[in-house]
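One structure is given here, and the rest of the page talks about it.
All values reported here derive from a predicted model rather than from experimental measurement. The residues of the chain are indexed from 1 along the displayed sequence. The figures that follow rest on heavy atoms only: side chains count, while hydrogens, waters and symmetry mates do not.
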Amino acid sequence: MADEQALDEVVEFTSGLIRIDTTNRGGGDCRERPAAEYAAERLAGAGLEPLLLERTPGRTNVVARIAGTDPSAHALLVHGHLDVVPAEAADWSVHPFSGEIRDGVVWGRGAVDMKNMDAMILAVVRSWARQGIRPRRDIVIAFTADEEDSAEDGSGFLAGRHPELFEGCTEAIGESGAFTFHDGDGREIYPIAAGERGTGWLKLTARGRAGHGSKVNKENAVTRLAAAVTRIGEHEWPLRLTPTVRAALTELAALYGFEPDFRNVDGLLEKLGPAAKLVESTVRNSANPTMLDAGYKVNVIPGEAAAFVDGRFLPGGEEEFVATLDRLTGPDVDWEFHHRSVALQAPVDSPTFAGMRAAVEEFAPGGHVVPYCMTGGTDAKQFSLLGIDAAYGFAPLKLPEGFDYQAMFHGVDERVPVEALHFGVRVLDRFLRTA
């Protein structure tokens, strides 16, 4: 079991990493190197030989391998990203890069997404070094840059340029899963991610005839764009149940004591009450318009107008997604992928999933583990290009009732309880030693 020093270190490391500002504003505006050096120094202190790797100066990744006791076993990738999204200090109760520890809670950007998990990994590895523990199989640790943007300087770079570092890896764990979801009726549910929707960020471009704003114009690019954006925003995507989501609904229905009726999924979700939040965004594809860009003066009709759409598609749903966007945009609007990444699905009947379930249940004996599919995506998408197809979200946290975990992601006053970090270290240690 993780020693007492590991419990102190996970708090120290979470706070320390938060104090290193690794804000990723997109377009290359980020510098992860100080955080990478912080992590590498602590890995080296555990007797490992971490590599610092960059595609772009300052955009640093860290990779290290721990040798397991069974050389015939497939390796496991354990990954976490070092960058964070922007935070406006004026909106926060504490400075977002203070790493302040107050009333048993660590505050700051990255406390949940995902410097807490980075700190857990470091604390567990150092605890093993002190106790002379080795895992059963090789574990490859990767701390990445650029996850909050394109991943081109992070996991994409590692997968494309350094595949040899991940030799033997067939499975992976990363964000986000094994957190406490309180259903409001006394149940503690621990969803472990076994899938991710694919990412399809789109750019729409409408072209028309430029002219004076006072003249009749049947070829107005803004009007054409607005019509397409409205069709996309109002579209009702059909239900599509993937194996992961079907398994989630089956286990949740069993927890609530009824047989799932997959002919009436909306009714099924209604019967689940608050727990429906775990699956309701992953029963269909989605496309949400998010940005508009048109014109330069109120009395000038522009010849071109653009919009951006955050699209997500289920495993097996990309073809339907593309065909639907072709139809919704219509003949007057072109569209292209601004960013595209694959959908993922991992088996929920695997020994690895069973091991994660057992580790959580050991330290949360009243908890109920269920699989789920993430609405968004992680670095696992890029690592899947190496054949690491079985990727799970497993960053364990035992959270008190009323703590809105999902709201912490990219939200104001992001924070994590110290006790949640302690739980995470214990669960992660238990799983990784026996995986």
Side-chain angles (χ1 to χ4, degrees), residues 176-200 230-290 309-317 320-321 324 328 343-349 353 357 360-361 364 366-377 392-393 397-411:
S176 82
F179 56 90
T180 318
F181 178 90
H182 294 274
D183 74 345
D185 198 27
R187 297 177 185 85
E188 292 184 358
I189 301 171
Y190 289 84
I192 295 175
E196 300 182 6
R197 291 199 299 173
T199 302
T230 299
R231 287 193 296 270
I232 291 169
E234 293 180 348
H235 179 65
E236 299 261 350
W237 292 87
L239 287 164
R240 296 283 186 266
L241 294 186
T242 64
T244 298
V245 173
R246 187 177 288 268
L249 290 170
T250 299
E251 292 202 28
L252 286 169
L255 176 60
Y256 285 87
F258 65 88
E259 286 291 325
D261 181 2
F262 293 116
R263 298 167 300 177
N264 181 12
V265 175
D266 288 331
L268 197 165
L269 291 172
E270 186 175 342
K271 291 175 72 173
L272 292 177
K277 293 179 182 178
L278 295 172
V279 291
E280 63 186 2
S281 293
T282 56
V283 297
R284 48 174 55 89
N285 293 338
S286 66
N288 287 309
T290 55
V309 174
D310 185 336
R312 309 287 171 146
F313 50 86
L314 293 164
E320 176 193 47
F321 179 83
T324 302
L328 293 175
L344 300 177
Q345 192 158 248
V348 299
D349 57 355
F353 193 92
R357 185 191 295 270
V360 170
E361 290 177 347
H368 307 276
V369 173
V370 300
Y372 87 117
C373 177
M374 294 187 205
T375 60
Y392 299 95
L397 292 171
K398 184 172 175 60
L399 301 169
E401 193 158 8
F403 187 95
D404 192 342
Y405 173 81
Q406 297 293 352
M408 295 295 138
F409 279 80
H410 302 189

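- A parallel orientation is assigned to the rings of Y405 and F179, their planes being inclined by less than 30° (bins at 30° and 60°).
- Atoms NZ and CG, on K277 and L269 in that order, are 13.0 Å from each other to the nearest 0.5 Å.
- Of all heavy-atom pairs between A275 and F181, the closest is CA-CE2, 3.6 Å.
- With contacts defined as side-chain heavy-atom distances shorter than 4.5 Å, the pair L252/L268 does not qualify.
- Here the straight-line distance linking atom OG1 of T242 with atom CD of Q345 works out to 4.5 Å at 0.5 Å rounding.
- Distance CD1/I192 to CZ/F353: 4.5 Å, rounded to 0.5 Å.
- Note: L255 CG to R187 CZ = 5.5 Å, rounded to the nearest 0.5 Å.
- Shown here for L272 and A276, the closest heavy-atom pair between the two residues is CB-N, 3.9 Å.
- The nearest pair of heavy atoms linking P371 to A248 is O-CB, 3.0 Å.
- With values rounded to the nearest 0.5 angstrom, T244 atom OG1 is found 10.5 Å from E196 atom CD.
- A salt bridge is absent between R284 and E236: the closest approach of a Lys/Arg side-chain nitrogen to an acidic carboxylate oxygen does not fall below 4.0 angstrom.
- Residue M374 comes nearest to G393 through the heavy atom pair CE-CA, 3.7 Å, listed as atom of the first residue, atom of the second, then distance.
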Show, in sequence, the C-alpha distance, side-chain angles and deciding distance for E251 and H368, and conclude whether the side chain to side chain contact (heavy atoms under 4.5 Å, CB included) test is met. CA-CA 9 Å; E251 292 202 28; H368 307 276; over 6 Å; no

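- Across all their heavy atoms, V348 and A194 have their closest contact at CG1-CB, 3.7 Å.
- Between the side chain of H182 and the main chain of L399, a donor-acceptor pair closer than 3.5 Å is present.
- A donor and an acceptor atom, one from each side chain of S286 and R197, are located under 3.5 Å apart.
- Side-chain contact check for E320 versus F313: every heavy-atom pair is 4.5 Å or farther apart.
- Side-chain contact check for K271 versus Y256: every heavy-atom pair is 4.5 Å or farther apart.
- Note on ring orientation: taking the six-membered ring where Trp is involved, the planes of W237 and F321 are parallel (angle under 30°, cut-offs 30° and 60°).
- In the model, T180 has a side-chain atom that pairs as donor or acceptor with a side-chain atom of Y190 under 3.5 Å.
- Looking only at side-chain heavy atoms (C-beta outward), R312 and T375 stay at 4.5 Å or farther from each other.
- Note that the CG atom of L241 and the OG1 atom of T282 stand 9.0 Å from one another [nearest 0.5 Å].
- When all heavy atoms are compared, the tightest approach of A343 to G198 is CB-N, 3.3 Å.
- Checked by atom type and distance alone, the side chain of N285 pairs as donor or acceptor with a backbone atom of G317 at under 3.5 Å.
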